[in-house]
Peer 1: 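Have a look at this one.
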Amino acid sequence: MAKNFTTREENYSQWYNDLVIKADLAENSAVRGCMVIKPYGYAIWEKMQQALDAMFKETGHVNAYFPIFIPKSFFSKEASHVEGFAKECAVVTHYRLKNDPNGQGVVVDPEAKLEEELIVRPTSETIIWDTYRNWIQSYRDLPILVNQWANVVRWEMRTRLFLRTAEFLWQEGHTAHATSDEALSEARQMLDVYATFAEKWMAVPVLKGVKSPNERFAGAVETFCIEALMQDGKALQAGTSHFLGQNFAKAFDVKFLSRENQLDYVWATSWGVSTRLMGALIMSHSDDHGLVLPPKLAPIQVAIVPIYKKIEQLAPISEKVDSLINALKAKGISVKYDTRDSYTPGWKFNEYEFKGVPVRVAIGPRDLENGTAEVARRDLLTKEIVPLEQLEEHIINLLEQIQTNLFERAKEYRELNTKTADTWEDFIVRLDEGGFVKAHWDGTPETEQKIKELTKATIRLIPLEPEQEEGKCILTGNPSPHRVVFARAY
RNA sequence: CGGGGUGUAGCGUAGUCCGGUUAGCGCGCCUGGUUUGGGACCAGGAGGUCGAUGGUUCGAAUCCAUUCACCCCGACCA
């Protein structure tokens, strides 16, 4: 275990913070609430981006880029949208500084006040739909399937590295369609893309569902989401996909002529995932020995540590290792052969363990004699001796096994921590145990709000295809057709 | 934004209540040597306007005021 590293048991949120900082993923910056993503953390984000971007393109989307600034007036055009974001916007009011006439330093030049203030985008629906108005006249212009990779700013009161920062990186897809059905199936498709990414790449099992009206995106008709369960029993919203109906088309006057020569408003979706996924990834798999990364997202998949007493002994090891490295690299596996002489093997073992490298190989004089290597896997912290000629195949299999095992382990944890409750008393007990609690709800925002006030738990989602089961609302006793999923959440 | 806490070298801290030599220690860092199969050892060395600003005082890390940042609990949060 790393020195001075808090365990999950001692203090989960301290553990998380320590992990992010000591594994060199990110750190706080000079700007309140804004983080610096360090190279190792950014490398993981880049792997996420690459995988997601490929999936977006496979489903017909293209990338574009819109301005970081949005005229203030745009926000007043969609009523619920402004209400959702108004309280957390950074506003640009001036465009120039000047030397302080009263002393040192610089001041904002009062003469350089903007005619109209600019909002640093908290999300881009408004600027994009204002732009789409000029792009769309006919059904032939549809659909528009655009994504952008960008940064956004939401002036949050309390921030935590990756989980909630004032500025964060994300992608936001904004699509325009001729029909409601088409837009709806787009929103559903992207939800599936997110779920696939979470499960196949991040090895994080997710529930798919619909948000209740209270939790719905500001301006959306329907919000779909994926929810993951963290090791402390709290839920984390990992991605959302919104069916926006004609709300933004109406707000920005985006109309098209249909095949039937009918003028109608355009149907919209938007969908996004952010660097918050980093938080989900970290919290899902990591342990008291540090970060644990799924092989598909690990910047370094295999670390090879040579062990030798004298520098002359390194050459024969390198000779054995070179062909392995080339073979693995040819298969697209990222390998780090760590020949740094300034650190001992033990130090390196701990380093790679803490940084979550899935597979570690050690080769020393003993192995050269026996024609073997020591192979350690990060997820189980086990080691085995493998003959050199089998090493390549062994590592390839091991990477797949680790990827699968992490997912299965996380899924088992989630299942163990998904419970049902039929009485209020039981509901409270289950919530305090942590995890998802399936319970009946009478479908009203008032009841949901009341439950939130009493328990701090929210409806994480309403299952997409809920199992029909007559029941009584956990709070009011009113009839309910099916259960919804509650949890305390990040 | 409300309540509580903390700011001393890159990191972790002692000293602060009760003002008084040159602010001490561990990790890390640099140099040299010996080491290297789970965070090596020895010797030497560098690094501090004690978060910032202002005040009280012969004298401030220490007392007072203001301010900034971070942490915890609330409120807030697609």
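All of these numbers come straight from a predicted model, not from anything done at the bench. Each chain gets a letter, A, B and so on, in the order the sequences are listed, and its residues count up from 1.
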Peer 1: At less than 3.5 Å, do the side-chain atoms of Arg154(A) and the base atoms of A78(B) form a donor-acceptor pair?
Peer 2: yes
Peer 1: Answer yes or no: is there an ion pair linking Asp432(A) with Arg488(A), defined by an N-O contact shorter than 4.0 Å?
Peer 2: yes
Peer 1: Identify whether any heavy atom of Glu215(A) sits under 4.0 Å from a base atom; if not, whether one sits that close to sugar-phosphate; answer base, sugar-phosphate or nothing.
Peer 2: sugar-phosphate
Peer 1: OP1, OP2 of U35(B) versus side-chain N and O of Thr344(A): anything below 4.0 Å?
Peer 2: no
Peer 1: Using whole Å, report how far OH of Tyr194(A) lies from P of A78(B).
Peer 2: 17 Å
Peer 1: To the nearest Å, how far apart are Tyr343(A) OH and G28(B) P?
Peer 2: 10 Å
Peer 1: When the nearest nucleotide of RNA chain B is assigned to Lys211(A) and to Gly346(A) on a heavy-atom basis, which residue is associated with the more 5' position?
Peer 2: Gly346(A)
Peer 1: Regarding Lys456(A), tell me which of base, sugar-phosphate or nothing describes its non-hydrogen contacts under 4.0 Å with the strands shown.
Peer 2: sugar-phosphate
Peer 1: Represent RNA chain B in dot-bracket notation, 5' to 3'. Only Watson-Crick or G-U wobble pairs with both distances under 3.5 Å count; pseudoknot-style crossings use [ ] and interstrand partners use |.
Peer 2: ((((((((.[[[[.)....(...]]]].((((((.....)))))).....[[[[[..)....]]]]])))))))....
Peer 1: Do Arg360(A)'s NZ or CZ and the ring of Phe349(A) fall within the cation-pi criteria of under 6.0 Å and 45°?
Peer 2: yes
Peer 1: For RNA chain B, find the residues of residues 31-42 of chain A with a heavy-atom distance under 4.0 Å and give them by number; none if there aren't any.
Peer 2: Arg32(A), Gly33(A)
Peer 1: Run the salt-bridge test on Arg366(A) and Glu369(A) with the 4.0 Å N-O cut-off and return the result as yes or no.
Peer 2: no
Peer 1: Ignoring backbone atoms, establish whether Lys348(A) has a side-chain N or O less than 4.0 Å from OP1 or OP2 of G38(B).
Peer 2: no
